[in-house]
Amino acid sequence: MKSNEIKDVALKFFTIHGYEGASLSQIAEDVGMRKQSLYAHFKGKDDLFLQVLQDAKEAETSSKLKYLSKVDKHNPKADLFGYLQLVIELFQKSEQLKFWLRMSFFPPLHLAAAINEEVMDTEEKIQTVLESKFQDWIDAKAIMEDVASIPTLAFLGVVDSIMLELAYGNNEKRLDDKLHASWTIFWRGISQL
């Protein structure tokens with residue numbers, strides 16, 4: 001239980017101050033323990049950081065996969081737009097996912113390779129499930145016939161555009177404009193007109 005409490009506090013410090021600005025002393029003090037006691041739970045700052053990151057990764061992946069598990073082959077327009085809205089909501093409301101988003105774009109240099117590996121693992125899992133959904137929609141003639149990987153990758157491009165806006169921007173109107181413009185063009189390209 002103490003490990004989870006430490007990770008919760010570490011999440012706050014890593015999100016606010018970044019890897020470099022967060023100190024184990026501050027984290028330990030906020031938890032109500034001495035810095036040396038942290039080492040009973042974590043090997044060091046890198047270990048703590050990577051475990052916090054892993055928890056954030058799992059939260060993102062499970063939220064997206066849970067949403068996609070409820071998607072059927074009858075309403076791709078509503079389901080895909082709902083997925084984009086889910087992405088925005090997740091990364092605007094969850095501190096854990098704000099941390100994941102920031103670290104995927106701005107990782108500490110010495111951990112960049114490990115973080116990139118985690119990001120790519122998530123991307124591949126989501127892409128596999130999405131590709132299966134697109135194939136279902138193609139088979140049901142709910143969208144234009146194509147190789148499923150084409151609309152999947154195009155849709156992930158829309159998702160990436162939204163994620164980039166979330167990472168760099170704080171402008172709700174710009175985010176909304178980008179969402180609706182990207183979505184309109186994407187849907188026009190795959191829909192059965």
Side-chain angles (χ1 to χ4, degrees), residues 4 7-8 11 14-15 49-107 111-140 142-143 146-170 172 174-187 189-191:
N4 288 335
K7 287 193 289 186
D8 288 344
L11 171 66
F14 288 136
T15 301
F49 180 87
L50 290 172
Q51 285 194 43
V52 170
L53 186 85
Q54 187 67 37
D55 290 350
K57 172 192 171 184
E58 292 303 318
E60 181 203 20
T61 305
S62 66
S63 295
K64 288 179 174 180
L65 292 177
K66 181 179 176 185
Y67 177 87
L68 290 171
S69 74
K70 297 176 184 174
V71 166
D72 63 26
K73 59 184 174 184
H74 302 294
N75 200 353
K77 185 176 184 180
D79 291 334
L80 289 168
F81 192 75
Y83 184 87
L84 295 173
Q85 291 173 313
L86 171 74
V87 167
I88 291 169
E89 184 177 308
L90 286 173
F91 289 99
Q92 284 181 331
K93 295 185 178 175
S94 167
E95 287 304 313
Q96 197 174 37
L97 295 181
K98 285 179 188 176
F99 166 74
W100 170 252
L101 181 63
R102 287 183 191 132
M103 291 307 115
S104 65
F105 279 97
F106 313 109
L111 296 174
I115 292 170
N116 187 48
E117 205 172 292
E118 296 296 333
V119 170
M120 293 313 298
D121 178 61
T122 298
E123 292 294 313
E124 288 168 9
K125 285 178 184 170
I126 299 300
Q127 182 176 336
T128 299
V129 173
L130 273 170
E131 197 165 314
S132 171
K133 296 297 178 183
F134 275 100
Q135 188 61 58
D136 290 346
W137 292 320
I138 290 166
D139 293 345
I143 62 173
D146 207 335
V147 177
S149 62
I150 303 285
T152 301
L153 292 172
F155 182 70
L156 289 172
V158 174
V159 172
D160 290 347
S161 170
I162 298 305
M163 300 277 279
L164 192 65
E165 193 63 40
L166 289 166
Y168 285 104
N170 254 347
E172 279 292 319
R174 181 173 160 81
L175 175 63
D176 194 53
D177 288 348
K178 189 178 258 190
L179 168 65
H180 288 286
S182 300
W183 170 253
T184 300
I185 298 301
F186 173 77
W187 182 252
I190 70 163
S191 66

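Not one N or O on the side chain of Lys125 forms a donor-acceptor pair closer than 3.5 Å with the backbone of Thr61. Of the possible donor and acceptor atoms, none in the side chain of Ser132 sits under 3.5 Å from a partner among the backbone N and O of Thr128. The closest donor-acceptor contact from the side chain of Tyr83 to the backbone of Lys64 lies at 3.5 Å or more, if one exists at all.
Considering all non-hydrogen atoms of both residues, Ala142 and Lys73 come closest at CB-O, 3.9 Å. Scanning both residues, Ala56 and Leu97, for their nearest heavy atoms gives O-CD2, 3.3 Å. Contact record, Val52 with Lys7: CG2-O, 3.7 Å, taken as the closest heavy-atom pair. Closest non-hydrogen pair, Tyr67 versus Ala78, comes out as OH-O, 4.0 Å.
Ring geometry, His180 versus Phe81: the interplanar angle falls from 30° to 60°, so the pair is classed tilted. Relative ring orientation between Phe186 and Trp183 is described as tilted, the plane-to-plane angle lying within the 30° to 60° band.
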For residues 151-163, run the donor-acceptor check on the side chains, cut-off 3.5 Å, and write out each pair with its distance to 0.1 Å, sequence neighbours left out.
from, atom 1, to, atom 2, distance (Å)
Thr152, OG1, Ala148, O, 2.7

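Put simply, the side chain of Phe105 does not reach to within 4.5 Å of the side chain of Ile115, judged on heavy atoms. Looking only at side-chain heavy atoms (C-beta outward), Met103 and Phe49 come within less than 4.5 Å of each other. Side chains of Pro76 and Trp187 form a contact here, defined as non-hydrogen atoms less than 4.5 Å apart. The closest side-chain heavy-atom distance from Asp136 to Asp72 is not below 4.5 Å.
Between Leu101 atom CG and Leu164 atom CG the span is 9.0 Å, to the nearest 0.5 Å. Distance CG/Leu179 to CG/Leu84: 6.0 Å, rounded to 0.5 Å. Distance check: Gln85 CD to Leu90 CG gives 12.0 Å after rounding to the nearest 0.5 Å. Here the CG-CG distance, from Leu80 to Leu86, works out to 12.0 Å after rounding to the nearest 0.5 Å. The distance from the CG atom of Asp177 to the OG atom of Ser182 is 10.0 Å, given to the nearest 0.5 Å. Expressed to the nearest 0.5 Å, how far CG of Leu50 lies from CG of Leu111 amounts to 5.0 Å.
Residues that satisfy the side chain to side chain donor-acceptor pair (under 3.5 Å) test with His74, not counting sequence neighbours, are absent from this structure.
Of the candidates Ile190, Val71, Asn75, Trp137 forms a side-chain contact (heavy atoms from CB on, under 4.5 Å) with just one, namely Val71.
Listed by first then second residue, pairs satisfying side chain to side chain donor-acceptor pair (under 3.5 Å) with a partner in residues 87-107 read Glu60-Trp100, Gln92-Glu172, Glu95-Lys98, not counting sequence neighbours.
A side-chain donor from one of Gln135 and Asp139 sits under 3.5 Å from a side-chain acceptor of the other.
Salt bridge annotation for Lys57-Asp121: present, with a cationic side-chain nitrogen under 4.0 angstrom from a carboxylate oxygen.
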